[in-house]
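A short write-up of the structure that comes next.
Protein chains get the first letters and strands the later ones, always in sequence-line order, with residue 1 at the start of each.
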Number of protein chains: 2
Amino acid sequence: MQGRQLTRTELDDARRRVVEVAMALVQEEGREACTLRRVAAEAEMSRSTPYSYFADKEALIDAVRAAALHRLSDRCEAAVAAADDLGGRVGALGQAYLDFAFTQTSLYDLIFESHSAGPEHQAAAARYRRLAAGPLGEAEAAGMSTLPAERLGGVLWAATHGLIALRRAGKVDEESFERLLADMREVLAFGFVPRSEAA
Amino acid sequence: MQGRQLTRTELDDARRRVVEVAMALVQEEGREACTLRRVAAEAEMSRSTPYSYFADKEALIDAVRAAALHRLSDRCEAAVAAADDLGGRVGALGQAYLDFAFTQTSLYDLIFESHSAGPEHQAAAARYRRLAAGPLGEAEAAGMSTLPAERLGGVLWAATHGLIALRRAGKVDEESFERLLADMREVLAFGFVPRSEAA
DNA sequence: AAGTCTATTTGACGCTGTCAAAAAGTCGGC
DNA sequence: GCCGACTTTTTGACAGCGTCAAATAGACTT
């Protein structure tokens, strides 16, 4: 109920708080539970105050999606930073990705929910690609990859996400998932020059 | 407003009609537009009659999901049947899959929407796997695959779906999509014994 | 102190999924 | 040929949703 002109950062802070509350709601109670009215209540504002920061619900969800993608990037970045050799970095990237997908399931699903052309989202996606290009670029520079890092990264991302999605949607069971993950490592390793020289 | 005891097939017919209307609604106006009340109206029944056939909305959507998966299988099956050599059959399977994904986008998305453990859904998924195992099994029998058909199929399915999902979610643009599809064919061909013997 | 400008809240609308109660229709027994 | 039992369908009602217009509350300016 305050009436003075808000500073830029005050406004941004409020906006950010709304996104945080919404993200927490998605993560803890699922996509469905993330309703505008609940977000508002939990952020201790009236039900239509979020409309000061977002055009509509979809705009809010878009922001949450971008934030979720940033969080995924954070996890991967940290994991990569903690590893100390090249192999470790590539492995850590993949492991962190899988951990996020199966730990923060609702957020992960949100990230890949259909069409979202906003600039925030594109930026977040670009950041993730750039990040993944790190270890893979190293591999390329070391002459270990038959493909440019960016393209190998795309193939790996697609395959990994696809397998996760199939598992999540119940198209493959737990057992098949594990086996397919191993198979994929085998097959996709072809994107790298023969690791053991004798496969 | 009829009051007599309905035969098994009458009941099934009505149920099927509801599913068909709902599926048409999803395909033509999107997932959001598929509301219970609209389905009921379009099927010319009162708003709560669908509850005679489905426990709740999610149960109806589950049925639509299974039906959509069956339709995808139909398309793939027909495409495979129309091709006459092994290479053609494998290619036709993939092409039909991609066509469906980019043509019936809402239905395709629905298929992979999270968790759906119902038996109808499992059966539909099993049918699709069995179907895909046809051409791939041939390839295996011809000694062209380094993996059992079922496992190679899983890898291909995951990679293909993942790429489609990335494209759909705006994580890769049109251009990257085409390039990655080609890259994936290249890399994944390793699941087959060297096609040209000299890659 | 009055008036202006801005941020927030409140009221209201049409839509949704859902269920209990009412209604409508068909059939078997008399 | 009507009556009561049974089954299916419709209607009424409720809470919750996203959304917007109007009303409100608060802080600056003059």
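For C:dT9, one of the phosphate oxygens OP1 or OP2 lies less than 4.0 angstrom from a side-chain nitrogen or oxygen of A:T49. Note on B:T35: a side-chain N or O is less than 4.0 Å away from OP1 or OP2 of C:dT16. Within the structure, every side-chain polar atom (N or O) of A:S48 is placed at least 4.0 Å from both OP1 and OP2 of C:dT10.
Taking atom OH of residue A:Y51 and atom P of nucleotide D:dA22, one finds them 17 Å apart after rounding to whole Å. With rounding to whole Å, B:E58 atom CD is found 15 Å from C:dT16 atom C1'. For B:R15 and D:dT9, the CZ to P distance is 14 Å, given to the nearest whole Å. The NZ atom of A:K57 sits 18 Å away from the P atom of C:dC15 (whole-angstrom rounding). Rounded to an integer number of Å, the gap from A:Q5 CD to C:dA7 C1' is 10 Å. For the pair A:L60 CG and D:dT19 P, the interatomic distance rounds to 10 Å; values are reported in whole Å. Taking atom CZ on B:R37 and atom C1' on D:dG12, their separation rounds to 11 Å, with Å as the unit. Rounded to whole Å, the distance from CZ on B:R17 to C1' on D:dT9 is 13 Å.
If you check every strand for non-hydrogen atoms under 4.0 Å, A:Y53 touches sugar and phosphate atoms only.
Between A:F102 and A:Y97, the ring centre distance reaches or exceeds 6.0 Å. For an aromatic pair to be called close, the ring centres must be under 6.0 Å apart, and A:F112 with B:F112 fails this.
Among the nucleotides C:dT9, C:dA7, D:dT10, the one closest to any side-chain atom of A:S46 is C:dT9.
A salt bridge between B:R31 and B:D109 is absent, with no side-chain N of the basic residue lying under 4.0 Å from a carboxylate O of the acidic one. Salt bridge annotation for A:R127-A:D74: present, with a cationic side-chain nitrogen under 4.0 angstrom from a carboxylate oxygen.
Heavy-atom distances to DNA chain C give each of A:R47 and A:S52 a nearest nucleotide, and the one nearer the 5′ end belongs to A:S52.
Residues B:H121 and A:K171 have side chains that bring a donor and an acceptor to within less than 3.5 angstrom of each other.
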